[in-house]
Amino acid sequence: MYKYIIKRLLLMIPTLLGAAVLVFFLLRLVPGDVCEVRLAGTGLYADPEEVLLCQKNLGLDQPLMVQFWDFIWGYVVFDLGDSMWTGFPVTHEIGLRFELSLQVAIMATFVAIAIAIPLGIISAVKQDTWIDYLVRAFSIAGIAMPSFWLGILIILGLLISTQAVFGDPWMPPIDYVPIWEDPLRNLSQLIWPAVATGYRYSAVATRMTRSALLEVLREDYVRTARAKGLVEKVIINRHALKNSLLPVVTIIAIEFAFLMGGLVVTEQVFNLNGLGRLFVESVGNQDFAMTQQLVMLVVIIFVLTNIIVDIFYAWLDPRIRYS
Amino acid sequence: MKFSLTKLAVSGAVGLCLAVAGTSISKAGSPKSGGVLNFVVGSKIPSYDGHKETTFGMIHPIRPFYSLLIRVNPSNPSSPTDFVCDLCEGDVPKPTENGTKYTFKIRSGVKFHDGTPMTSADIKATYDKIIFPPEGIPSSRKAFFKAVKSVTAPDANTVVFKLKFPTGSFIPALATPFNFVYSKKDLDTHGLKWHQKNINGTGAFSFVQHQKGAFVEGKKFADYHHKGQPYLDGFKAISAPKLAVRVAAIRGDRAAIEFRGFPPKHRDDLVKALGKKITVQESDWNCVLLATPNQEHKPFDDARIRQALTLSVDRWGGSKYLSRIAIVKTVGGVVFPKHPLAANMDELVKLKGYSKDLNASRAEAKKLLADAGVDKMPGGLNVDFNNRAVDQPYKVVGTWLIDQWKKVGINATQRVQPSPQFYATLRKKGDFDVSVDFNCQSVINPIADITKFLGSAGNNYGNYEDAELEAIYEKILRSGSESEQRSLIRKYETRALSEQAHIGVTLWWYKINPHRSYVKGWSIAPSHYLNQSLDNVWLDK
């Protein structure tokens, strides 16, 4: 097993290198210049000398291959460079937002699991009854409804309903406070995006749980268990559910990785200063240094998540052994 | 303060004051001390260095930490010509030596937030950095000060600016809100780039913290040089890039105000939802949206085609209808409307495309197009129209323009691009027929602002040369008489907008600031860069 993990970790290197080549050169194909964006704010005037000076200071006047080498060498010496927009180290900028994005991703995952697993089981057990139809409609609605739209509805709903009830409209806080500083304020801000994204996330997982469980319930060993006279609850919980969770775990893990960098619009709707918003801003500013590192971070999260899922598979199904 | 346009300013100031709706400090009663002002900012902070940056995303959260040598009068910010001393003493000085020397008496007893006393040496060091930056040091507004020959500090309380020639644009340039006064000690000790990442000013508030991408916090500076101010205990500038969030934040009282401005629909929504808890201030805005033909592309090198483009536009109708949905309203020429140097109604309607007789204008446009041979072009005149992917007001006005041009048979295809790509098309590639263009300035400085229409200007993207227009501008620049300046600007305007129609002025922007009614003391200015020191703001809670 250890050999397998080391091999998988080593295989990350060519994957990351390929991603680095792609992101570096694709970004530079897009027209635009961080210096122009920065300096042309007033009256569209940017002194050409200032633009050249800015490009020189950021190293954008260097040949592409030199810039690429600097980018790769940064990983070797553990210096990921500075944001071209703020001038602060990229690690500092990402570190500030990582905590918030991680918390939202964890909370959304909890919301998703809390909804998906029970509903998926009920839907499978009560197959083709009105309960099943209701759960399926609920989950299809979750897939059909973009989480940012649900987020807008939540905010409007809160504003309108609180004004109707209390006289003054209330909305969640728009500035982040870490959970250990003010847990109530932190949760009153983050619970809403967690629900908005968790619901969509749960919809996919609910359907996957239902179909996987239905498949397992038709297996011979389940029939044998029933023939032995085991109660249905034990059959579901002890024998069927664990075996049906393999595809569900994959879905949950991939969604979790996506949430770490992919809550681009939802973060905007709830004014969350997370990695998704940083992504949008750095692309909009043509901040290559930041965008490159964010893409690489997401790639690393995806690769690591896949490794963890594979290891988890072995725990769920003892027949799976990696060599 | 009285600078060269003072006399003419009086009438303009009165007019502008009338444009301001809502409350001002004089109506609001006695200021109360205490409280923290939360406000939302729709743009980002690139660095803290005012001398380098150009965005309101930096001005709104960082300006309260700094002072200026002179500033727009915070009690009368709607006036384009009312400047008062901030770090200088008394009135803003009149020039001597034929308008080429300005001597400022510097306020004594002023301290930086780190306790260092402020002297004239700090003012000199600041302006040396802005006007004569050493190689490698960015300064975005050094071009504003081309007329300045030297800055000297003969004693601890005096600063002297010597000009190469007299110019009415010097004092407005000094009042530009980006000209933060830095400590010479900081510049000498830490270098000229230190202020990009560090803050030490003499402003009403001292720096507490900046959580990158989230908020900036400031607290009251007890030794602030305007005694009795600031009234607030502090402020929190919360970053909120999405307009819907900023509107909801004010509605839900997570923020009391947003200083840039909202579209009319959001104003109406807030007023409907909150009634008297919302106060709305409105003003003409020193931003104008332009349509610039690329004269390197045929047939836009033909003045008749450019004239047809401007003649087809119904500015008066557009003002009426677009102002209901977009942040544009006022019909004007090259100078900020209602400024003493701006065209009045009689003068405006003489310009091509400004006549109240729209049918006649469009008939003339069709005739000009026919004379230019458009009828013989296969498929007629097709325009590749470059626009910016920002709703307010770019996409709204761009879509309206296409409809206007269609009325005279001009077909336009709109190419909407995000800001970096839009800039690249406009400034580098130049592969457009007509582009949306804009001119947004802070302090109203007509003599500087109208350079946008010169083919030689760094921010002109029409790709043309017009020696006659340049010659008129040279006369304006060196004219000492206000009436002469006004008359020359009319010639300049007629040449730029009518005879050559180099650039089409669409509509001037209109600033709408709905805010919580408990915010007092802040008065709207004709620019979102102005009146952001927050020293006179208080909360009536």
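Chain naming here is simple, since letters A, B, ... match the order of the sequence lines and numbering starts at 1 in each. Predicted model only: the values in this text are computed from it and were never measured.
- Between the side chain of A:N273 and the main chain of B:K212, a donor-acceptor pair closer than 3.5 Å is present.
- With contacts defined as side-chain heavy-atom distances shorter than 4.5 Å, the pair A:I174/B:V245 qualifies.
- Contact of the A:P169 side chain with the B:L274 side chain is registered, since non-hydrogen atoms from C-beta on lie closer than 4.5 Å.
- Between A:N271 and B:V40, every side-chain heavy-atom pair lies at or beyond the 4.5 Å cut-off.
- Comment: B:K277 engages A:D168 in a salt bridge, judged by a side-chain N to carboxylate O separation of less than 4.0 angstrom.
- By the 4.5 Å heavy-atom criterion applied to side chains, B:P418 and A:Q286 are not counted as neighbours.
- A donor atom on one side chain and an acceptor atom on the other are found under 3.5 Å apart for B:K44 and A:N285.
- Under 4.0 Å is where a charged nitrogen must lie from a carboxylate oxygen, and between B:K52 and A:E50 no such pair does.
- Atoms CZ and CH2, from B:R254 and A:W170 in turn, are 6.0 Å apart once rounded to the nearest 0.5 Å.
- Note on A:K56 versus B:E135: no salt bridge recorded, every NZ/NE/NH1/NH2 to OD/OE distance being 4.0 Å or above.
- The pair A:D33-B:K428 meets the salt-bridge criterion, since a charged nitrogen lies less than 4.0 angstrom from a carboxylate oxygen.
- B:R251 CZ to A:I155 CD1: the interatomic distance, rounded to the nearest 0.5 Å, is 11.5 Å.
- In this structure, chain B has heavy atoms under 4.5 Å from both the backbone and the side chain of A:Q268.
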